[in-house]
Student: 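A single structure is presented below for examination.
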Amino acid sequence: MSIEQTLQQATAKAVQHLYQTEIDPQSVTINQTPKNFTGNLTVVIFPYIKIARKNPLQTGAEIGNYLKEQFSFIEDFNVVQGFVNLLFSNEFWLQQFTQLANNPNFGQLPASGKKIVLEYIGPNTNKPLHLGHIRNMFVGHAVAAILQANGHEVHKVNIFNDKGINISKSMAAWKLSANGATPQGTGMKGDHFVGYYYVLYNKLVTQQAAPWLQQGMERTEAEKQTEIYALAQDYTQQWEQGNPEVLQLWRTMNGWVYEGFKETFEQLGIEYEKAYYESECYELGKEMALEGLSQNLFFKQPDGSVWVDLTDQNLDQKLLIRSDGTSVYITQDMGVAELRYNDYHPHQMIYVVGDEQIYHFKVLKLVLEKLGKPYANTIYHLYYGMVDLPEGKMKSREGKVVDADDLVAEMLQTAEEHTKELGKTEGMNPDEAHLLYRILGIGALKYFMLRVNAQKRILFNPKESVDFQGNTGPFIQYSYARINSILRKFGQDYILPHYQVETLHPFEKDLIAELLQYEQALQTAADTLDPSVVANYAFAVAKTYNKLYAELSVMNNSNPHTNTFRVALSAVTAGIIKKALHLMGIEVPQRM
RNA sequence: GGACCCGUAGCUCAACUGGAUAGAGCAUUAGACUACGGAUCUAAAGGUUGUGAGUUCGAAUCUCGCCGGGUUCACCA
């Protein structure tokens with residue numbers, strides 16, 4: 001039981017004992033005491049002054065006295081308005097710290113028995129990954145790690161949107177203008193190669209549509225008149241009919257893309273245990289739709305298309321099968337969900353997908369509910385906000401995107417320049433140096449993306465956004481590296497079961513209190529599926545430590561016991577920083 | 001137009017889910033001892049939480065109206 005829970009129950013008992021009224025311990029508010037008041041935790045007793053029929057000061061004094069008599073770790077208390085501020089004893093902090101320092105499993109909560117499948121990344125296979133995918137990957141990876149640390153069994157999966165009109169467009173442009181070129185031949189990364197033809201398609205279609213556009217035809221109509229559009233359409237249909245030649249081209253081009261993706265995943269430390277492919281799920285989805293139709297859950301239009309009516313849910317009618325019998329996006333997702341459920345039988349299926357698809361997932365859930373699927377309500381759409389550029393939205397059709405690989409390269413370069421400027425590469429061999437640039441550059445990027453609540457939009461300015469000072473990844477990494485330097489110098493005997501110190505400096509208390517918050521942060525992060533909780537926590541720990549480091553000597557005190565204690569405190573701090581950063585997929589440097 | 005989301009310091013974000021005098025970082029200004037690493041630390045300045053009402057001991061947080069911004073409602077994925 002946590003201190004907070006203990007105090008909640010004790011406060012409920014106090015009210016019962018003093019005023020003969022029963023209250024729910026859960027309803028007792030316990031806060032951390034704000035910095036400008038003395039105390040560690042605060043009990044809010046406003047709700048009980050009516051029950052007590054006394055003024056807040058009297059009520060607070062009575063409850064405070066009761067608590068102080070009850071617990072030896074409460075050294076003192078003071079009452080301000082309706083707040084009872086409790087001050088804990090030195091022994092309490094030392095004992096808590098010792099417990100923490102000697103617990104090898106700290107930060108790994110016991111197994112919950114809950115199984116979760118988490119889908120993330122979800123790229124289309126017609127173009128390279130971009131900034132949006134980066135946010136997706138970082139959020140997904142971090143949420144999975146956080147859930148695991150909370151004791152859940154997490155299976156990370158990916159979904160490739162590998163079929164349909166988009167890849168057909170790349171195929172058509174390649175067919176018409178590549179002369180059989182390949183990534184190997186041109187020296188391009190596979191996904192960039194295919195993406196080039198996707199952008200080219202859009203150029204060509206605009207060119208070819210020009211005559212109709214000049215006649216005043218609407219853009220979408222004009223594009224339908226073009227040769228390249230016809231070819232892309234043809235590919236889509238031929239694909240569904242199993243034309244071997246088309247399938248061959250499709251396989252080849254997708255293969256190029258997967259090779260390229262693999263490199264990017266490795267660069268970013270992103271992995272998953274299973275990949276799903278829409279090309280393997282759409283037929284199952286179609287069957288499910290037809291089954292629903294036969295049960296009169298859905299309805300058919302005269303043209304043969306199949307629809308679901310969700311107007312009673314305040315939504316619209318939604319197409320499930322086109323009039324030509326082919327499936328659409330949502331149908332495929334129905335198949336994916338079914339397949340995934342059969343694979344894992346999870347308690348929860350989390351989808352990390354952008355917030356522009358909130359409506360889509362609402363519909364998906366309702367359709368599966370209509371079909372009576374047991375997993376319908378295990379579906380949870382964990383959405384994240386768009387990443388905006390200073391110029392506005394990214395537009396992949398126009399090639400106006402921040403490319404993931406370019407961005408990574410830029411981060412590594414910035415990290416290198418910065419490190420060299422500060423003269424930190426002295427005594428490092430080139431391998432060590434490059435590893436460091438990677439740790440710092442990727443760390444800065446991950447932290448930048450994760451420190452903001454995932455559901456908020458973020459503005460990404462490539463020139464200014466990713467910094468190395470202040471509330472950043474490298475700031476936290478730096479704190480770690482400095483502690484590491486101390487540990488190297490001090491030697492290994494820094495963790496002892498007992499510390500011969502009697503008084504604690506306020507900075508030491510602050511730090512211990514902060515460290516003890518780790519599991520609380522971990523839980524909040526899991527409950528809200530929000531990695532920014534962990535990011536902000538890690539920053540707070542680093543800041544609290546840096547303050548202590550600046551004001552006090554860690555290992556050069558005249559009293560050797562003080563040195564031992566502070567070095568141990570530093571070591572535990574470093575361990576927690578490492579754990580917290582690890583949850584975000586951020587590595588830690590030995591020196592920087 | 002229907003549904004949903006957002007508005008906090010010049011900028012980027014917090015606020016323990018209803019608690020005290022709304023906090024950090026960046027940028028600006030002024031400082032930090034031949035102490036363990038200055039990618040650090042200390043301080044100043046910066047606010048009518050878009051706006052108006054309501055709910056109660058107490059509102060950035062909950063409710064309603066208005067103003068401003070966004071997403072979505074495809075036989076695209």
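In what follows, every chain begins at residue 1, and chains take the letters A, B, ... in the order their sequences are listed.
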Student: Tell me if the centroids of the rings in A/Phe468 and A/His418 come within less than 6.0 Å of each other.
Tutor: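 A/Phe468 vs A/His418: aromatic centres under 6.0 Å.
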Student: Does the side chain of A/Lys318 get closer than 4.0 angstrom to OP1 or OP2 of B/C73 through an N or O atom?
Tutor: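 It does not, given that no N or O in the side chain of A/Lys318 lies less than 4.0 Å from OP1 or OP2 of B/C73.
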Student: Among residues 301-310 of chain A, which ones have heavy-atom contacts with RNA chain B below 4.0 Å?
Tutor: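 Contacting residues: A/Asp303, A/Ser305, A/Trp307.
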Student: With sequence neighbours excluded, tell me which residues meet side chain to side chain donor-acceptor pair (under 3.5 Å) with A/Tyr447.
Tutor: A/Asn471
Student: Using a 3.5 Å limit on both distances, find every run of at least three consecutive Watson-Crick or G-U pairs that involves RNA chain B.
Tutor: B:1-7 with B:67-73, B:10-13 with B:23-26, B:28-32 with B:40-44, B:50-54 with B:62-66
Student: Side-chain N or O of A/Tyr478 less than 4.0 angstrom from OP1 or OP2 on B/A39?
Tutor: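 Checking A/Tyr478 against B/A39: at least one side-chain N or O falls below 4.0 Å of OP1 or OP2.
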Student: Pick base, sugar-phosphate or nothing for A/Ser479, based on heavy-atom distances below 4.0 Å to the nucleic acid.
Tutor: nothing
Student: Looking for any heavy atom pair under 4.0 Å, which part of the strands does A/Ile458 touch: base, sugar-phosphate only, or nothing?
Tutor: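 Sugar-phosphate, no base atom in range.
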Student: Would you indicate which nucleotide in B/A39, B/C13, B/A77 comes nearest to any side-chain atom of A/Asn161?
Tutor: B/A77
Student: Do you know which of A/Trp239, A/Tyr276, A/Tyr277 makes ring pair (Phe, Tyr, Trp, His ring centres under 6.0 Å) with A/Tyr282?
Tutor: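 One option only clears the test, and that one is A/Trp239.
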Student: Answer with yes or no after comparing the ring centroid distance for A/Tyr120 and A/Tyr351 against a 6.0 Å cut-off, counting only values under it.
Tutor: no
Student: Is a side-chain N or O of A/Ser305 found less than 3.5 angstrom from the main chain of A/Gln301, in a donor-acceptor match?
Tutor: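 Such a contact is absent between A/Ser305 side chain and A/Gln301 backbone.
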Student: Between protein and nucleic acid, restricted to nucleotides 31-36 of chain B and to nitrogen or oxygen atoms under 3.5 Å apart, what atom pairs and distances do you find?
Tutor:
{"from": "B/A35", "atom 1": "O2'", "to": "A/Asn556", "atom 2": "ND2", "distance (Å)": "3.2"}
{"from": "B/C36", "atom 1": "O4'", "to": "A/Asn556", "atom 2": "ND2", "distance (Å)": "3.0"}
{"from": "B/C36", "atom 1": "O3'", "to": "A/Lys489", "atom 2": "NZ", "distance (Å)": "3.2"}
{"from": "B/C36", "atom 1": "O2", "to": "A/Val554", "atom 2": "N", "distance (Å)": "3.2"}
{"from": "B/C36", "atom 1": "O2", "to": "A/Met555", "atom 2": "N", "distance (Å)": "3.0"}
{"from": "B/C36", "atom 1": "N3", "to": "A/Val554", "atom 2": "N", "distance (Å)": "3.0"}
{"from": "B/C36", "atom 1": "N4", "to": "A/Tyr549", "atom 2": "O", "distance (Å)": "2.7"}
{"from": "B/C36", "atom 1": "N4", "to": "A/Leu552", "atom 2": "O", "distance (Å)": "2.7"}

Student: Does any N or O donor sit under 3.5 Å from an N or O acceptor when you compare the side chain of A/Thr524 with the base of B/C16?
Tutor: no
Student: Pairs in or reaching into residues 514-544 of chain A: which pass ring-ring contact (aromatic ring centres under 6.0 Å, His included), with residues at least two apart or in two chains?
Tutor: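 Counting only pairs at least two positions apart or across chains, the ring-ring contact (aromatic ring centres under 6.0 Å, His included) contacts touching residues 514-544 of chain A are A/Phe106-A/Tyr518, A/Phe475-A/Phe539, A/Tyr518-A/Tyr537.
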Student: Any side-chain N or O of A/Arg322 below 4.0 angstrom from OP1/OP2 of B/C76?
Tutor: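 It does, given that an N or O in the side chain of A/Arg322 lies less than 4.0 Å from OP1 or OP2 of B/C76.
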Student: With sequence neighbours left out, what residues match A/Asn484 under side chain to side chain contact (heavy atoms under 4.5 Å, CB included)?
Tutor: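 A/Asn484: side chain to side chain contact (heavy atoms under 4.5 Å, CB included) contacts with A/Tyr480, A/Arg488, A/Gln590.
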Student: Taking side chain to side chain donor-acceptor pair (under 3.5 Å) as the definition, give me every residue that meets it alongside A/Asp191, ordered by chain and number, with sequence neighbours left out.
Tutor: A/Lys189
Student: Got a list of protein N/O to nucleotides 20-28 of chain B N/O distances below 3.5 Å?
Tutor:
{"from": "B/A20", "atom 1": "N6", "to": "A/Thr42", "atom 2": "OG1", "distance (Å)": "2.8"}
{"from": "B/A20", "atom 1": "N6", "to": "A/Asn85", "atom 2": "OD1", "distance (Å)": "2.9"}
{"from": "B/A20", "atom 1": "N1", "to": "A/Asn85", "atom 2": "OD1", "distance (Å)": "3.2"}
{"from": "B/A24", "atom 1": "O2'", "to": "A/Lys543", "atom 2": "NZ", "distance (Å)": "3.4"}
{"from": "B/G25", "atom 1": "O2'", "to": "A/Asn471", "atom 2": "N", "distance (Å)": "3.1"}

Student: State the syn/anti category of B/U61 according to its glycosidic angle, syn meaning within 90° of 0.
Tutor: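 B/U61: anti glycosidic orientation.
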Student: What string of B, S and - do you get for nucleotides 1-10 of chain B, 5' to 3', if B is base contact, S is sugar-phosphate-only contact and - is no contact with any protein heavy atom under 4.0 Å?
Tutor: --S---S---
Student: Strictly under 3.5 Å: I want the nitrogen or oxygen pairs between protein and nucleotides 57-59 of chain B, one per line.
Tutor:
{"from": "B/C57", "atom 1": "OP1", "to": "A/Lys50", "atom 2": "NZ", "distance (Å)": "2.9"}

Student: According to side chain to side chain contact (heavy atoms under 4.5 Å, CB included), who are the partners of A/Glu62, at least two apart in sequence or on a separate chain?
Tutor: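 For A/Glu62, the residues satisfying side chain to side chain contact (heavy atoms under 4.5 Å, CB included) (neighbours in sequence not counted) are A/Leu18, A/Tyr19, A/Lys54.
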Student: Sequence neighbours left out, what pairs pass salt bridge (Lys or Arg N to Asp or Glu O under 4.0 Å) with at least one residue falling in residues 546-563 of chain A?
Tutor: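 Non-adjacent pairs meeting salt bridge (Lys or Arg N to Asp or Glu O under 4.0 Å): zero.
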